[in-house]
Amino acid sequence: MRISNRGKISIYNFINMMLVLILAGGIFAFLLEDRFNLLGDFSYLFIVIPAIMLVAFYLIGRQIFEYDSDGEALNFKNRNIVPFIDKPLSDEFPKYKLISYEIVDMFLIKRLYVKVSSKNTGSTMLKYEISYLSKKEIKDLKFSLNKVVTTNNEKKELIK
């Protein structure tokens, strides 16, 4: 199963550009307000509100998430639309190494934690930001990961 929100890159770029333009307009309005003094003490809101909106857009998480479970491996890719802000995450490992997963939903922020077995430490926790996925995409992701975890647990039971 493949899940990707790469098709929404243009929407996220548009939102990003609008937030940057609103911030630039707010700075310009603040400078004009400082000269004409129409609003008084509330003129700083021209900068603060757009800056908070722009920071929130980036703090929610990486915008692009790709998942591929076709074949014998699981592929996870998570990146930001602005390449220099965050380093992109890209992991690929065999399906049999998947131990468990957990999706944490905190108001606007959604995270996927994947526990993978490893030779050195026993297990490793991988974190992906899935805040920008739709409910249907998250449901499909849960279904696919449940299928892999169930298959792995059944194989472990057969070995015992």
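It should be emphasised that the depicted structure is a prediction, and the values quoted were computed from it without experimental measurement. Note: hydrogens, waters and symmetry copies are ignored here, and every other heavy atom, side chains too, is used.
A 4.5 Å side-chain heavy-atom check between R79 and S90 finds every atom pair outside the cut-off. Within the 4.5 Å cutoff, side-chain heavy atoms of F76 are placed close to those of L112. When side chains are defined from C-beta on, F57 does not count as touching V20, because their heavy atoms never get closer than 4.5 Å. Side chains of I99 and V116 form no contact here, defined as non-hydrogen atoms less than 4.5 Å apart. Contact check for K142 versus I103: side-chain heavy atoms found under the 4.5 Å cut-off. Residues L158 and E154 are not in side-chain contact: their nearest non-hydrogen atoms beyond the backbone lie 4.5 Å or more apart. Taking the side chain as every heavy atom from C-beta outward, V114 and F93 approach each other to under 4.5 Å. Side chains of L141 and F65 form a contact here, defined as non-hydrogen atoms less than 4.5 Å apart.
Cluster membership for I27 and L19, using ILVMFWY side-chain heavy atoms within less than 4.5 angstrom, is shared. Under a hydrophobic-cluster definition in which Ile, Leu, Val, Met, Phe, Trp and Tyr are linked whenever side-chain heavy atoms come within less than 4.5 Å, directly or via other members, F107 and I52 are assigned to the same cluster. Connection of Y44 to I47 is established within a shared hydrophobic cluster, with ILVMFWY side chains joined at heavy-atom distances below 4.5 Å, either directly or through further cluster members. There is a path of hydrophobic side-chain contacts, each under 4.5 Å, that joins M53 to I11. Cluster membership for I138 and V104, using ILVMFWY side-chain heavy atoms within less than 4.5 angstrom, is not shared.
E66 and R6 are joined by a salt bridge, as a carboxylate oxygen and a charged side-chain nitrogen come within less than 4.0 angstrom of each other. A salt bridge is defined here as a Lys NZ or Arg NE, NH1 or NH2 lying under 4.0 Å from an Asp or Glu carboxylate O, and D70 with R2 meets this definition.
Side chain to side chain, S144 and S69 meet the donor-acceptor criterion of an N or O pair below 3.5 Å.
Within the model, atoms OG of S100 and CE of M125 stand 6.0 Å from one another, a figure rounded to the nearest 0.5 Å. The structure places CD1 of I15 at 8.0 Å from CD1 of I81, a figure rounded to the nearest 0.5 Å. Of the inter-residue distances, the one linking R111 atom CZ with E102 atom CD reads 13.0 Å to the nearest 0.5 angstrom. Taken to the nearest 0.5 Å, the CG atom of N16 stands 12.5 Å off from the CD1 atom of I9. In this structure, CD1 on I49 lies 14.0 Å from CG on L54, to the nearest 0.5 angstrom. Atom CG of L133 sits about 15.0 Å away from atom NZ of K139, to the nearest 0.5 Å.
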Is there a side-chain contact (heavy atoms from CB on, under 4.5 Å) between Y128 and D91 once you walk through the steps? CA-CA 10 Å; Y128 304 100; D91 295 309; 2.5 Å; yes
Full working for side-chain contact (heavy atoms from CB on, under 4.5 Å) between L31 and E33: CA-CA 5 Å; L31 295 174; E33 173 61 29; over 6 Å; no
Residues N80, Y58; criterion side-chain contact (heavy atoms from CB on, under 4.5 Å); working and verdict: CA-CA 8 Å; N80 205 324; Y58 291 114; 4.1 Å; yes
Output, in order, the C-alpha distance, side-chain angles, deciding distance and verdict of side-chain contact (heavy atoms from CB on, under 4.5 Å) for L89 and R62. CA-CA 10 Å; L89 296 175; R62 293 177 176 95; 3.5 Å; yes
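A distance-only check finds a donor-acceptor pair linking the side chain of K95 to the backbone of G71 [under 3.5 Å]. No donor-acceptor pair closer than 3.5 Å links the side chain of N152 to the backbone N or O of K97.
Considering I130, L145, N5 in turn, L145 is the only one that fulfils the side-chain contact (heavy atoms from CB on, under 4.5 Å) rule with Y67.
Counting non-hydrogen atoms of other residues, nucleotides and ligands closer than 6.0 Å to NZ of K115 gives a total of 12 or fewer. A 6.0 Å sphere centred on NZ of K77 holds no more than 12 heavy atoms belonging to other residues, nucleotides or ligands. By the 6.0 Å contact criterion, CE on M17 is open, its count of non-hydrogen atoms from other residues, nucleotides or ligands being 12 or less.
Taking the centre of each ring, Y12 and Y132 come in below the 6.0 Å mark.
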